[in-house]
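Here's the structure, in structure tokens; my notes come after.
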Amino acid sequence: MQERYEPQAIEPKWQDRWEAEGLFAAGGRGDGPKKYVLEMFPYPSGALHMGHVRNYLIGDVIARHARMKGFDVLHPMGWDALGLPAENAAIKDKRHPAERTRENVVSFKAEMKRVGFSYDWSREISTDDPAYYRWSQWFFLKFREMGLVYRRTAHVNWCPGCQTVIANEQVKDGLCERSSDPVVIKQMAEWAFRITRYSERLLQNLDGLKEWPEEVVKKQRNWIGKSEGAEIDFAVEGAGETIGIFTTRADTIFGCTYLAVAPDHPLLETIVPAEQREAMQAFAADQARKAATKGRDEELPKEGIDTGARAIHPFTGAALPIWAANFVVSDYGTGAVMGVPAHDQRDFEFATAYGLPIVPVIQPAGGEPLQAPLDAAFTEDGILDAGSRTFAGMSSADARSVIAGAAKSGGFGGPAVTYRQRDWGISRQRYWGTPIPIVYCEGCDPEGEGIPVPYDQLPVELPTIDVAAVLTGRGEPPLAKVPSFVNTTCPRCGGPARREVETMDTFVDSSWYFGRFLDPKNDDLPFSREAADRWLPVDVYVGGPEHSTMHLLYFRFWTMVMEELGLCADEEPVKRLITQGIVNGPDGRKMSKRWGNVVAPASIIERYGADAARVFTMFAGPPDKDIQWSDEQVEGSARFLQRVWRLAWKNVAAAALPEGGEAEGRALEIRRSTHRTLKRVSEDIERLSFNTAIARTMEMVNFLTPIEPANDPERAAMAEAMRLLAAMLSPFAPHLAEEVAEAYGAKTSLQAGTWPAYDPSLVAAQTLVYAVQVNGKLRGEVEVEASAGEDEVRAAAEADEKVRAHLEGKTIRKAIFVKGRLMNFVVG
RNA sequence: GGGCAGGUGGCGGAACUGGUAGACGCGCUGGACUUAGGAUCCAGUGCUGCAAAGCGUGAGGGUUCGACCCCCUCCUUGCCCACCA
């Protein structure tokens, strides 16, 4: 240890030493307790930004602390390398995405190392490595065997900017989340995963995710969107067909005066009378166009067209018009609704616009009967009136189940559940993704269902390409322009065949990467069962809350399937989830190039050192809250570390003194302060309150700074304080901590050492300060022996002058005593 | 339109289970040391007030001996979803 604190000198030194000693390698502690600490792996863009730093730091603090607590810690890092940003960059500067990715990884890794993250780099993975995506393809094939993959023609979100299909989850306010281009709806064939088969399980299991933020659980619940109601089938007059509708308000069915179906409802082709067909098609095309061009928050005016077909009301036998309407969406429920204008606001507006009858059948319970004509729908529950015939007099709640039951026994429907969640379309018309392991053979697969590439032919590798010729960002998918890739032989008949030219959504790659870290070199399986049993589930997962409904839902789904495949024992991937807040710029806006308020970690490290950057980031606020960058606060953190250093330097001669021995007087005070701090820091770290943990150490340093030890017990107490302080600070400021610990005699890295235990006898207080209130207002404080009971505290309180003044001439009606806290006199 | 999370000094934030609101840091004020100090150390710093005291956690109400914390109404900021039947 030298007199001056020079982070630029000590930080690389320790980083090299950690690496040389292999301190962060997982699996070195036998069968002891394990901890798998994971942060959402990044797309390796050019430079690390503060948001990354914060994300990884939260994990790093937890990992470092866990190692000191004796856990065998798995803390890996890898690269979510495939995907649009890399491909778009490649198009822009005509370089192969793989090249750029390699470069970025190198610089990203170097920057990460400079921050002092404690990763086990021997497990590094990258999704663009064929040895990795081979297993994504393997999963695709397994999923297909399990009936979880299918080809569908669907309305897809097409981003003209990205020239590809994007998932619902990737559309924000009608714009592509990535490029901000307005998304258009297109009809396309695509591969999809049947995630909806797991909707109920994904929903049910949420109750078990006790250590997930409520916010994320609620978002997922919302996203899955379970809705319980009834499906009712209406016969179409003279067509031999029925239209099923889904409703949550079966109690209102007698108020149904029309049916409304989505403009693109498949049944329309068969039920629309010939003379109406042309108008129908024009309407559907018009609506498709309007839907595609509508703005973000825009709600289109309700439009519809009478199809000319008629449906028979299953309870009344009445013939109801079937309308095609733009407010009915084809991919929710059955794509058709019953129009009950009196009791549904949307139906009301539609009926009003087109002059359809409005028939109230529910009356407010105990209120005034509804007056015709209504000026708005009555949407609350009530009592069924005479219009509901045999169901009249029932409450809405009762009627819902009774009517659903009646539909069931009548053979025209019954209780039904619908989910808002849709299947997961994974086809992307891009190059830089995992190739879908399918070939098409006209000879033996004329239907074009796709023939799986045999497992022993995996991986289907991305071909090397001429970037300028293939990545044009226009036209058919890039891989279609690579004949050597497209043309192949059919694995089934040996004849000529064409490869699938679409690639997979990158969310596929990130759905199971946490498993590959367990066993990154495995050639037989994505990972071995043995490794899974040792390390899964992930104990702590850290990432942004923006992944609540995409990644975090997909990888829960994936884990359920992996469990079914026997790859792992748990069907949930993560025990504890931490969603970290954003790092805003000094101006309070989200750091982004757009605002020019980005702070590069490298510049901070150069100026103040990585430890200062780390301490600032952890001290600025709790992990899940947004924090604001502040140059002054960073300086404050640097200043704190300087103070620690000076304190350690000043007392370093005491390092040679033997530890322990009876302390009294000031030596005892020093020891008390140290152990009390240790207790609180330990507790704060356990509950992830890193900002307050750091505040505790600051308090301790403030207490110790003015002390000039005058004798050996005091000096020894000071040395102990420094040793424990180094341990406490090491998750946050690991480099400085190592340097201090070494100066005070540590023979091994703190990471190899143990988290210190506090001495309970030094933590217990001798005296306590009680607050004394009169009628709930603070009037004084009294200090008493810690063992003092109510009577003693009361006596001391009543003896206090200020308190006495407020009790003067009043009767104490009640005295409330809270042990260790306060005494409250209620007077009158 | 629906859902979720927030609103505490000049600023970032503490207060973990209803028990002394403002820990810790920044900033500011004064002092010490110094050729100097943007270094360091010491003291102070919620508001009003000379003081006694009073007032204070977005606003208003309620429960309680006691409310930043629980309940109701409202305002406001941010995020997410959205013709979802």
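Below, chains carry the letters A, B, ... as their sequence lines are ordered, and counting in each starts from 1.
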Need one value for A/Pro706: base, sugar-phosphate or nothing, where a base atom within 4.0 Å counts as base even if backbone is also close, heavy atoms only.
sugar-phosphate

Using a 4.0 Å heavy-atom cut-off across all strands, classify A/Val772 as base, sugar-phosphate, or nothing.
nothing

Once you round it to whole Å, what is the distance between P of B/U40 and CH2 of A/Trp645?
16 Å

Could you check how far CZ of A/Arg639 sits from P of B/A39, rounded to whole Å?
7 Å

After noting the C-alpha distance and the side-chain angles of A/Thr579 and A/Asp624, does the key distance pass the side chain to side chain donor-acceptor pair (under 3.5 Å) rule?
CA-CA 6 Å; A/Thr579 49; A/Asp624 56 337; over 6 Å; no

Looking across every strand, which nucleic acid part, if any, lies under 4.0 Å from A/Arg821 by heavy atom: base, sugar-phosphate, or nothing?
sugar-phosphate

Among the candidates B/A14, B/U20, B/C65, find the nucleotide nearest to the side-chain atoms of A/Ile816.
B/C65

Looking across every strand, which nucleic acid part, if any, lies under 4.0 Å from A/Asn326 by heavy atom: base, sugar-phosphate, or nothing?
base

Any ion pair linking A/Arg696 and A/Glu699 (charged N to carboxylate O, less than 4.0 Å)?
yes

Please classify the nucleic acid contact of A/Ser630 as base, sugar-phosphate, or nothing, using heavy-atom distances under 4.0 Å.
nothing

Let me see the working for A/Lys650 and A/Glu708 under salt bridge (Lys or Arg N to Asp or Glu O under 4.0 Å), right down to the final yes or no.
CA-CA 9 Å; A/Lys650 190 173 93 177; A/Glu708 299 291 341; 3.5 Å; yes

Can you check the A/Lys218 NZ to B/A5 C1' distance for me, whole Å?
9 Å

Below 3.5 Å, does any donor atom in the side chain of A/Lys219 face an acceptor in the base of B/C81, or the other way round?
no

Of all the base pairs, Watson-Crick or G-U under 3.5 Å, which form stems of three or more consecutive pairs involving RNA chain B?
B:1-7 with B:75-81, B:10-12 with B:24-26, B:27-32 with B:40-45, B:46-48 with B:53-55, B:58-62 with B:70-74

Does A/Arg576 count as lying over the ring of A/Trp212, i.e. NZ or CZ under 6.0 Å from the six-ring centre, within 45 degrees of the axis?
no

Name the nucleic acid region contacted by A/Val826, choosing base, sugar-phosphate or nothing; use a 4.0 angstrom heavy-atom cut-off, strictly under.
sugar-phosphate

Name the nucleic acid region contacted by A/Gln633, choosing base, sugar-phosphate or nothing; use a 4.0 angstrom heavy-atom cut-off, strictly under.
base

Counting the atoms with a prime plus P, OP1 and OP2 as sugar-phosphate, which does A/Val328 contact under 4.0 Å by heavy atoms, base, sugar-phosphate, or nothing?
base

A/Arg687 has a side chain; which of B/C16, B/A14, B/G3 sits nearest to it?
B/C16

Under-4.0 Å salt bridge between A/Arg400 and A/Asp381
yes

Relative to the 5' end of RNA chain B, which residue comes earlier, A/Thr705 or A/Thr334, by the nucleotide with the nearest heavy atom?
A/Thr705

Nearest whole Å is fine: how far is B/G12 P from A/Glu635 CD?
19 Å

What's the verdict on side chain to side chain donor-acceptor pair (under 3.5 Å) for A/Asp631 and A/Trp629, showing C-alpha distance, side-chain angles and the deciding distance?
CA-CA 7 Å; A/Asp631 291 326; A/Trp629 184 266; 3.0 Å; yes

